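Predicted model only: the values in this text are computed from it and were never measured.
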Amino acid sequence: MVHLIFTASYTDEISTLVFDPDNASITVSSTVKVGHHPSWITFYPSDHSLVFTGLEQSDGKAIALKFDEEGKGKIVAEVSSGGADPCTLLATKNTLYIGNYSSGTVSTLPISSEAPYIFAPSPNSIQLTGTGPDVSRQEGPHPHQVIISEEHGELLVPDLGGDVVRRFKVDGTGSLEHRGDIPYVPGGGPRHVAFFDGHLYTLLELSSVLVKHRFPLYPELTTFVKSVHTMSNPPPLPNGMLAAEVLIPIPNPTYPTPYLYLSNRNDPSPEGDIISIFAISGPDTLELVTEVRSGLKHLRGMLFGGPDDKWLVAGGGNGGGVKVFERTDGGKGLRVVAENPNVESITGFLWK
């Protein structure tokens, strides 16, 4: 059985990859030109033929695409993203949430699985405020992810510029009510978060630190548990080895023990960037158990997929192409099962 994988990129295209585990191959089957830097992609939740992306440009755009069974796509809607450089989007049943990095705005658009797919010419937007001590990266607010915790009924927005994760109540209508912020050490730069078993895990890009909080339901506040470096031998700060993605696949019969996986970027080693694997089972546990050299350069995007999240697809933004890893040793290890060095500037993935 082959698997289709859509890619986000720092090109002007979204590509469809065909991963064939039986033949250990991953190939490009089609591409669709969408515009400048479609760096993030998100499915409509009940229809994976409908994909949304944003164009990272000063007059940011939100775009809807439809894909056929073979993975060939076409643009079906395009509107303003409500700000500059939309780098993160999340589609729910009724709402597309957008984080516009450079303008520091969080925007919402009404959407549907039926044409015209986006039901407003422009979004509603909230302007964030705040700065951090890194004057080159934190001169203003920079939302870097929009992600919903269903358990909490909240949209969380890591703000790299403001050194906080912002909490918004969601009600299904697209309106957002700011509930407060989770603060971090100044200069850390929160980039992405993940949830598991009542805890919040935050990846700080600028300091390459992983932070664990207890995350009770509102109005209780989060409490700090532990923070660790994202790699075993971090270089002195400042450095360009910036952490990027954090993932916690849901435990299942094949992989019953939970692990957290994160990507590091810009490692000078000829063996490429490190994927770090952490044990997180206990309430106070945050322990680095494995480091995997990926052979990829600027490893920004990666995503689990396949039966029981058996495979991890990862891409090198600045070299190494795309690789599919299989989880080994119950999830504590990874081994390459397919690779394509000719796919360029990949920043994210969706398993169809």
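Contact record, Val18 with Leu4: CG2-CD2, 3.7 Å, taken as the closest heavy-atom pair. Arg166 and Asp159 get closest at one heavy-atom pair: NH2-OD2, 2.8 Å. Listed here is the closest heavy atom pair of Lys66 and Asp47: NZ-OD2, 3.2 Å. Considering all non-hydrogen atoms of both residues, Ala115 and Phe119 come closest at O-CZ, 3.9 Å. The two residues Lys323 and Leu296 come nearest to each other via the heavy atoms CG-CD2, 4.1 Å. When all heavy atoms of Pro45 and Lys93 are compared, the pair lying nearest together is CG-N, 3.8 Å.
The distance from atom OG1 of Thr290 to atom CD1 of Ile274, rounded to the nearest 0.5 Å, is 11.5 Å. In this structure, the separation between CD on Glu287 and CD1 on Ile280 is 12.5 Å, given to the nearest 0.5 Å. Remark: Leu200 CG to Leu156 CG distance equals 6.5 Å, nearest 0.5 Å. Remark: Ser58 OG to His36 NE2 distance equals 9.0 Å, nearest 0.5 Å. Rounded to the nearest 0.5 Å, atoms CG (Asn318) and OG (Ser345) are 7.0 Å apart. The OG atom of Ser81 lies 8.5 Å from the CG atom of Leu55; values are rounded to the nearest 0.5 Å.
Screening Thr53, Leu17, Leu65, Val51 against Phe6 for a side-chain contact (heavy atoms from CB on, under 4.5 Å) leaves a single residue, Val51. No option in Arg191, His142, His192 other than Arg191 meets the side chain to side chain donor-acceptor pair (under 3.5 Å) test with Glu205.
Criterion: ILVMFWY side-chain heavy atoms under 4.5 Å apart, direct or through other members. Under it, Ile147 and Phe168 are not part of a common hydrophobic cluster. Transitive grouping of hydrophobic side chains (ILVMFWY, heavy atoms separated by less than 4.5 Å) keeps Tyr44 and Phe67 in distinct clusters. Under the 4.5 Å side-chain heavy-atom criterion for Ile, Leu, Val, Met, Phe, Trp and Tyr, Phe43 and Leu109 are members of distinct hydrophobic clusters. Following chains of ILVMFWY side-chain contacts shorter than 4.5 Å, one can reach Val32 starting from Leu350, so the two form part of one hydrophobic cluster. With hydrophobic clusters built from ILVMFWY side chains whose heavy atoms lie under 4.5 angstrom apart, Leu288 does not share a cluster with Met302.
The main-chain N or O of Glu70 is found under 3.5 Å from a side-chain atom of Asp68 such that the two form a donor-acceptor pair. In terms of modelled atom types and a separation under 3.5 Å, the side chain of Asp163 and the main chain of Gly188 share a donor-acceptor contact. A donor-acceptor pair under 3.5 Å is formed between the side chain of Lys212 and the backbone N or O of Thr285. Counting only distance, with no hydrogens or angles, the side chain of Asn340 and the backbone of Val322 share no donor-acceptor pair below 3.5 Å. Side chain of His152 to main chain of Phe215: a donor-acceptor pair is present (N/O by atom type, distance under 3.5 Å, no hydrogens or angles). For Tyr261 (side chain) and Gly331 (main-chain N/O), a donor-acceptor pair under 3.5 Å exists by modelled atom type. Formation of a donor-acceptor pair under 3.5 Å by the Thr7 side chain with backbone atoms of Ile14 is not found in this model. Between the side chain of Asn252 and the backbone N or O of Asp308, at least one donor-acceptor pair lies under 3.5 Å. The backbone N or O of Leu160 sits less than 3.5 Å from a side-chain atom of Gln138, completing a donor-acceptor pair. In terms of modelled atom types and a separation under 3.5 Å, the side chain of Ser9 and the main chain of Thr347 share no donor-acceptor contact.
Cation-pi check for Arg327 over Phe304 is met; the charged atom lies under 6.0 angstrom from the ring centroid and within 45 degrees of its normal.
In the displayed structure, Asp22 atom CG is contacted under 6.0 Å by more than 12 heavy atoms of other residues, nucleotides or ligands. Residue Leu237 qualifies as enclosed at atom CG: its count of foreign heavy atoms under 6.0 Å is above 12.
Residues His213 and His199 keep their aromatic ring centres 6.0 Å or farther apart. If you look at His3 and Trp311, their ring centroids are closer than 6.0 Å. Taking the six-membered ring for Trp and the full ring otherwise, the centers of Phe52 and Trp40 sit at least 6.0 Å from each other. Aromatic ring centroids of Tyr201 and Phe278 lie 6.0 Å or more apart.
Under the 4.5 Å side-chain criterion, counting only non-hydrogen atoms from C-beta, Phe325 is not in contact with Arg335. Side-chain contact between Trp351 and His48 is absent, with no heavy atoms from C-beta onward closer than 4.5 Å. Between Leu286 and Leu210, the closest side-chain pair of non-hydrogen atoms falls below 4.5 Å. When side chains are defined from C-beta on, Val34 counts as touching Ile75, because their heavy atoms get closer than 4.5 Å. Leu176 has its side chain within reach of Val170: a pair of non-hydrogen atoms, C-beta onward, lies under 4.5 Å apart. Side-chain contact between Leu203 and Val193: absent, with no pair of heavy atoms (C-beta onward) separated by less than 4.5 Å. Using a 4.5 Å heavy-atom cutoff, the side chains of Thr16 and Val28 are not in contact.
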task = Just do the side chain to side chain contact (heavy atoms under 4.5 Å, CB included) check on Asp20 and Ile26 with the steps written out, would you?
result = CA-CA 6 Å; Asp20 184 345; Ile26 184 164; over 6 Å; no
message = Could you go through Ser25 and Thr27, starting from their C-alpha distance and side-chain angles, then the distance that decides it, and tell me whether this counts as side-chain hydrogen bond (donor to acceptor under 3.5 Å, both in side chains)?
response = CA-CA 6 Å; Ser25 66; Thr27 57; 5.5 Å; no
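A salt bridge links Glu154 to Arg179: at least one charged side-chain nitrogen sits closer than 4.0 Å to a carboxylate oxygen. Taking 4.0 Å as the cut-off between side-chain N and carboxylate O, Asp267 and Arg293 count as a salt-bridged pair. With respect to the salt-bridge test (charged N to carboxylate O, under 4.0 angstrom), the residues Asp197 and Arg214 do not qualify.
At a cut-off of 3.5 Å, with distance as the only test, no side-chain donor of Ser294 or Asp273 sits close to an acceptor on the other residue. Looking at Tyr184 and Thr202, their side chains do bring a donor and an acceptor atom within 3.5 Å of each other. Between Ser175 and Thr173, the side chains place a donor N or O and an acceptor N or O closer than 3.5 Å (distance only, hydrogens not considered). Between the side chains of Asn264 and Ser276, at least one donor N or O sits under 3.5 Å from an acceptor N or O. Donor-acceptor pairing under 3.5 Å is recorded for the side chains of Glu56 and Ser39. With no hydrogens or angles considered, no side-chain donor-acceptor pair links Asn342 and Glu344 at under 3.5 Å. When only modelled atom types and interatomic distance are considered, Asn100 and Ser107 share a side-chain donor-acceptor pair under 3.5 Å.
Using bins of under 30°, 30° to 60° and over 60° for the plane-to-plane angle, the ring pair His144/Tyr101 lands in the perpendicular bin.
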